[in-house]
Amino acid sequence: YDFADNTADVTDVNGHGTATAGLVADLTPDEVDVMVLRVYGDDNLSKPSRVLTALEYALENGATVVNMSIGWPNAIEKGYSFLNSVLAQAYAAGVVVVAAAGNLSRSNPTAKDVYPANQAQVLTVSAVDRSRTFDDTYSASGASVDLCAPGTGVAVAALSGGMTVRSGTSFAAPHVAAAAACVQLA
């Protein structure tokens, strides 16, 4: 469902959602159903209310693993907490919520200040390169990080069909979400 435009049409315009959902679909067996929930509008912006509603929707509709390749920097100073009650619900219900640690910038030096990656109820994922070395050129790090996964030069589904290459913690998180889904099948 597209929570940005309130429609069942989840057409992606920037490729981020296609890339992340494509990774989950590609890395899981056919019996794993992927629920695509769009929270970013055509302007490449989202609103906290959309993310909250989408997360509630996912939980209400049986999601057992949730990938959140999103995040808000400077969360500590902004006092972000809008997802906390739903994240607590998910955790209590055994739902695995995976969050991207965030990509480095002046406003986002470590994962501890990226929301929801800085929450204890989520698995926070940073990125490694092809040699399985932490990629400090962009990936946030710190005590909030639980796991690392491939995030540098990842082959992902392209909007126009075929494949493209992207880098970022947004593309590391789906690896962990897919692994969690596979563990649940076992």
Would you mind writing out the side-chain donor-acceptor pairs for residues 142-166 within the sub-3.5 Å range, not counting sequence neighbours?
| unit_1 | atom_1 | unit_2 | atom_2 | d |
| --- | --- | --- | --- | --- |
| D146 | OD2 | T124 | N | 2.8 |
| T152 | OG1 | D135 | OD2 | 2.5 |
| T152 | OG1 | Y138 | OH | 2.9 |

**Study point:** Donor + acceptor pair across side chains of Y115, N84 (<3.5 Å)
**Key:** yes
Review point. Where the side chain of D113 meets the backbone of N74, is there a donor-acceptor pair that is under 3.5 Å apart?
Key: yes
Review point. Taking all non-hydrogen atoms of both residues, which atom of N118 and which atom of A75 are closest, and how far apart?
Key: ND2-CB, 4.0 Å
Point to revise | Closest approach of D12 to G17 (non-hydrogen atoms, all atoms of both residues) | key: OD2-N, 3.3 Å
Review point. Do L55 and Y80 sit in the same hydrophobic cluster, where Ile, Leu, Val, Met, Phe, Trp and Tyr count as joined when their side-chain heavy atoms come under 4.5 Å apart?
Key: yes
Check your understanding: Under 4.5 Å between side-chain heavy atoms, hopping through other hydrophobics if needed: is there a path connecting L123 to L87?
Key -> no
Check your understanding: Which residues satisfy the ring-ring contact (aromatic ring centres under 6.0 Å, His included) test with Y1, sequence neighbours excluded?
Key -> F3
Exercise for review: Apply side-chain contact (heavy atoms from CB on, under 4.5 Å) to the pair S46 and V51, showing each step before the final yes or no.
Suggested key: CA-CA 8 Å; S46 185; V51 178; 3.7 Å; yes
Study note, to complete from the structure: Residues pairing under salt bridge (Lys or Arg N to Asp or Glu O under 4.0 Å) where one sits in residues 33-61, two or more places apart or in two chains, turn out to be D2-R38, D5-R38, R38-D42
Review point. Shared ILVMFWY cluster between V114 and F82, side chains joined below 4.5 angstrom?
Key: no
Practice item. Output yes when a side-chain donor or acceptor of T28 lies under 3.5 Å from a complementary backbone atom of V24, and no otherwise. Key: yes
Side-chain polar contacts of residues 64-72 - donor-acceptor pairs under 3.5 angstrom, sequence neighbours left out - could you list them?
| unit_1 | atom_1 | unit_2 | atom_2 | d |
| --- | --- | --- | --- | --- |
| T64 | OG1 | Q184 | OE1 | 2.6 |
| N67 | ND2 | S69 | OG | 3.0 |
| S69 | OG | S170 | O | 2.7 |

Scan the side chains in residues 91-101 for donor-acceptor partners under 3.5 Å anywhere in the protein, sequence neighbours excluded, and list what turns up.
none

Practice item. Locate the shortest heavy-atom distance separating F171 from A19; write the atom from each residue and the value. Key: CE2-CB, 3.6 Å
Review point. Between the side chain of D26 and the main-chain N/O of G22, is any donor-acceptor distance below 3.5 Å?
Key: no
Check your understanding: Can you list the steps and then say if S126 with S139 is a side-chain contact (heavy atoms from CB on, under 4.5 Å)?
Key -> CA-CA 6 Å; S126 64; S139 181; 3.2 Å; yes
Study note, to complete from the structure: residues 20-48 vs ring-ring contact (aromatic ring centres under 6.0 Å, His included), sequence neighbours excluded, gives none
Check your understanding: When you measure from the side chain of N103 to the backbone N and O of T169, does any donor-acceptor pair fall under 3.5 Å?
Key -> yes
Point to revise | L27-V34 co-clustered via ILVMFWY side chain contacts under 4.5 Å | key: no
Check your understanding: Do Q119 and L83 come within less than 4.5 Å of each other through their side chains, counting heavy atoms only?
Key -> no
